[in-house]
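Below you'll find the structure, written out as structure tokens, and then a few comments.
Order of the sequence lines sets the chain letters (A, B, ...), proteins ahead of strands, with each chain counted from 1. The structure presented is a predicted model; accordingly, all values stated were derived computationally and were not measured. Reckoned from all heavy atoms, side chains included, excluding hydrogens, waters and symmetry mates.
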Amino acid sequence: MPRDRFRRETSEDGGSHMSDVRVRFAPSPTGTLHIGSARTALYNFLFARHHQGVMVLRVEDTDLKRSRREHEVSIIRDLHWLGLRADEGPDVDGGYGPYRQSERTALYEDGVQRLLETGWAYRCFCTQERLDALKREQLARGEMPKYDRLCLNQSLETVRARLRAGEEATVRFKVPAGDVSFDDLIHGPITFSADVIGDFILRRTDGGFAYNYAVVVDDAGMKITHVVRGEDHITNTARQLMLYRALDEPAPAYAHHSLILGPDGGKLSKRHGATSIGEFRDMGYLAGAVVNYLALLSWHPGGEREKFTLEELVAEFDMSRVSKSPAVFDLDKLNWLNGLYIREMGSAELSEQVRPYLHEEGIALAEGQRDIVSAAIQSNLVVLEDAPRYARVFVEELSLPASVHLEVLHEEGVAGVLALLREALAGGGDEYPPVEEAKAILKQVADACKDKGIKGKAIYKPLRVALTGLDQGPELFYLVSGLGRSRILERLDAALTYLDERGSA
RNA sequence: GCCCCCAUCGUCUAGCGGCCUAGGACAUCGCCCUUUCAAGGCGACGGCGGGGAUUCGAAUUCCCCUGGGGGCACCA
């Protein structure tokens, strides 16, 4: 069975290359970019890029009450952050605009007039009350709610008269009888019976246009070849296909991907925690990790690889390998991937990334400290937001007597160990000695200790407590390197003084 | 209620009639490494929803059931 059923030849140029694929991502600017929408955008992007096609961004702001320009701006910003830049959209003209539905009403109106003229649509004067009652009755009878076509066969004169009398009317589409089917790129063949579809509204009494209709006018007008969207639109497809036929426009191919579910199997929502891209970004998830995770959520190229850059995803992406079943959002796996990406960063880059998070918690690192601290905490980080928690030890003041681990210093020979490090550092040098140097210093201390029969834990535990007051933290050499020579000496002195006073007491 | 879609470890998935004693990853647990926390290495646990049918042979094909998801608006 051929898996390249989405291939279309461009007949005009002899089919020498794949047709110019055009996909669109069409968010409503009624909120921020949701994790689910981001995945839809990603699949569109991957598909378009894989086929050297174009992705257009269309803003579906038909609902003027809920749509806001600031949301449009934030959605675009979030897409850019993910690396998903549309080739055409409100901010990049590609000759198929305008790219906001609110600016396309003339096009919708034209289409409605055409449908009215060709008999594919008709005016409906039914009131909301009548429609509500009708629906109630049908439901009570166990039938599927569906418009009963009361207004279908009015004469032209009647219609004109009622319109002239000022009666409000909607325009309905006259749903043709028969089956509608299409070959979904992900699901395969899907068929609907027109019996279950009522004559739906194209234009509302307030002059606004219905989603299912506007989408078709737009996709046709923008020469969209492939519609990649969520499964929640699968039933809309039947209506839209009918409209293409009525408008005499070629229909695009469809790919309906599954939805993302929460850990409880329900639709992913706020109660499951963070759901917007912005929230993840703010917590310190990396764009690459989020993209990688989202791609793997219901898609896999086969093989055992788990890590893919956006470019690699583009190269590997294959719509026929997108899973049909819904996927549960698994924060654990995202966390793992994010940690993986963080660990692969260079310490200079990590320093940069982590800086605002440290700043926010009032942690200001000295110039020479930054990269050392980054390297020290790198393997502990799941998200950048974790940084202050681990970096704090490098800047915090220490009151040794307050430490709950004081008794570690009470062991035999501790004063000697501390004195050795003191000695090794007292010679002077960089305030923040390079890690290699710190390692050498500690080696020197350890060697000297060995001669006195002290080793392992007996060396390192007291040093750690004397330097930080804690029994856990970064590798000791990172502390020696990143804490600052003068501060270390101060702390060793303080510990030594403490031991001294304790001994003489 | 009606229509549509889906169904492999807890989770994401590989699998497209024999390579399956069902592979990988996350999570969990254990061991190792290690001065601590991590990271890393090794290992363990764990799954084809149920029932029929086709076939020499079914996780893979077909039917029914069950379960889950989505849709049925003058929302998008």
Distance check, P atoms only: B/rC65 and B/rG1, in whole angstrom units.
14 Å
P atoms of B/rU60 and B/rA7, separation to the nearest Å:
12 Å
Could you identify the nucleotide paired to B/rU21, looking across every strand shown and requiring Watson-Crick or G-U wobble geometry with both distances under 3.5 Å?
none
What is the distance, rounded to the nearest whole Å, between atom CG of A/Asn292 and atom P of B/rU13?
14 Å
Taking a pair to mean Watson-Crick or G-U wobble geometry with both distances below 3.5 Å, B/rC2 pairs with B/rG71
Does the protein touch nucleotides 63-76 of chain B at the base, only the backbone, or not at all? Give it as B, S and - per nucleotide, heavy atoms under 4.0 Å.
------SBBSSBSB
Within residues 462-477 of chain A: residues closer than 4.0 Å to RNA chain B (heavy atoms):
A/Arg464, A/Asp471, A/Gln472, A/Gly473, A/Pro474, A/Glu475, A/Leu476
In this structure, how many angstroms lie between the C1' atom of B/rA38 and the CG atom of A/Leu340, rounded?
14 Å
Hey, are A/Arg321 and A/Glu316 close enough for a salt bridge, meaning a charged N less than 4.0 Å from a carboxylate O?
no
Taking 4.0 angstrom as the limit, do A/Asp63 and A/Arg66 come out as a salt bridge?
yes
Any strand counts, and the cut-off is 3.5 Å on both contacts for Watson-Crick or G-U wobble. Which nucleotide pairs with B/rA59?
none
Could you tell me how far B/rA58 sits from B/rC16 if I compare only their C1' atoms? Round to whole Å.
12 Å
Would the distance check show the side chain of A/Ser347 and the main-chain N or O of A/Ala375 forming a donor-acceptor pair, the cut-off being under 3.5 Å?
no
Between A/Arg305 and B/rA14, does any side-chain N or O lie under 4.0 Å from OP1 or OP2?
no
In whole angstrom, what separates A/Phe308's CZ from B/rG24's P?
16 Å
To the nearest Å, give me how far apart CD (A/Gln138) and C1' (B/rG1) are.
12 Å
How would nucleotides 27-33 of chain B be written as a contact map, 5' to 3', with B for base contact, S for sugar-phosphate-only contact and - for no contact, using protein heavy atoms under 4.0 Å?
S------
If the C1' atom of B/rA22 is compared with that of B/rG46, how far apart are they to the nearest Å?
12 Å
How about NZ on A/Lys146, more than 12 heavy atoms from neighbouring residues, nucleotides or ligands closer than 6.0 Å, or not?
yes
Could you please name the partner base of B/rC31, counting Watson-Crick and G-U wobble pairs only when both distances are under 3.5 Å?
B/rG41
Electrostatic pair A/Arg389-A/Glu361, nearest N-O below 4.0 angstrom:
no
Just by distance, no angles: are the side chains of A/Asp61 and A/Ser102 close enough, under 3.5 Å, to form a donor-acceptor pair?
yes
Decide, yes or no, whether a salt bridge links A/Asp219 with A/Arg58 under the criterion of side-chain N to carboxylate O below 4.0 Å.
yes
Grab the NE2-P distance between A/His300 and B/rA14 for me, whole Å please.
8 Å
Could you check how far CD of A/Glu344 sits from C1' of B/rA39, rounded to whole Å?
12 Å
Residue whose nearest RNA chain B nucleotide is more 5′ - A/Thr191 or A/Tyr390:
A/Thr191
Close aromatic pair by centroid cut-off 6.0 Å: A/Tyr293 and A/Phe329
yes
Which nucleotide in the set B/rU13, B/rU35, B/rG24 lies at the smallest distance from any side-chain heavy atom of A/Ser323?
B/rU13
Could you check whether A/Tyr285 and A/Tyr341 have their ring centres less than 6.0 Å apart?
no
In this structure, is the centre-to-centre distance between the rings of A/His226 and A/Tyr43 below 6.0 Å?
no
Same-atom distance (P) from B/rG67 to B/rU21, integer angstrom
33 Å
Take atom C1' in B/rC42 and the same atom in B/rU61, then report the distance between them in whole Å.
41 Å
Hey, which of A/Asn44, A/Thr40, A/Thr237 is the one that makes side-chain hydrogen bond (donor to acceptor under 3.5 Å, both in side chains) with A/Arg229?
A/Thr237
May I ask you to decide whether A/Lys443 forms a salt bridge with A/Asp447, counting only side-chain N to carboxylate O separations under 4.0 Å?
yes
Main-chain N/O of A/Phe182 paired to A/Tyr254 side chain as donor or acceptor, under 3.5 Å:
no
Under 4.0 Å between any heavy atoms, over every strand shown, what does A/Arg321 touch: base, sugar-phosphate, or nothing? Just pick one.
sugar-phosphate
Qualifying residue, where the test is side-chain hydrogen bond (donor to acceptor under 3.5 Å, both in side chains) with A/Glu231 and the options are A/His257, A/His256, A/His187
A/His187
Please measure how far the P atom in B/rC2 lies from the corresponding atom in B/rU55, and state the result in whole Å.
35 Å
Taking for A/Lys324 and for A/Lys461 the nucleotide of RNA chain B with the nearest heavy atom, the one nearer the 5' end belongs to A/Lys324
Starting from C1' on B/rG10, measure out to CZ on A/Phe329 and report it in whole angstrom.
17 Å
Expressed as a whole number of Å, how far does the C1' atom of B/rC9 sit from that of B/rC48?
10 Å
Starting at NE2 of A/His187 and ending at C1' of B/rC4, how long is that distance when rounded to a whole Å?
10 Å
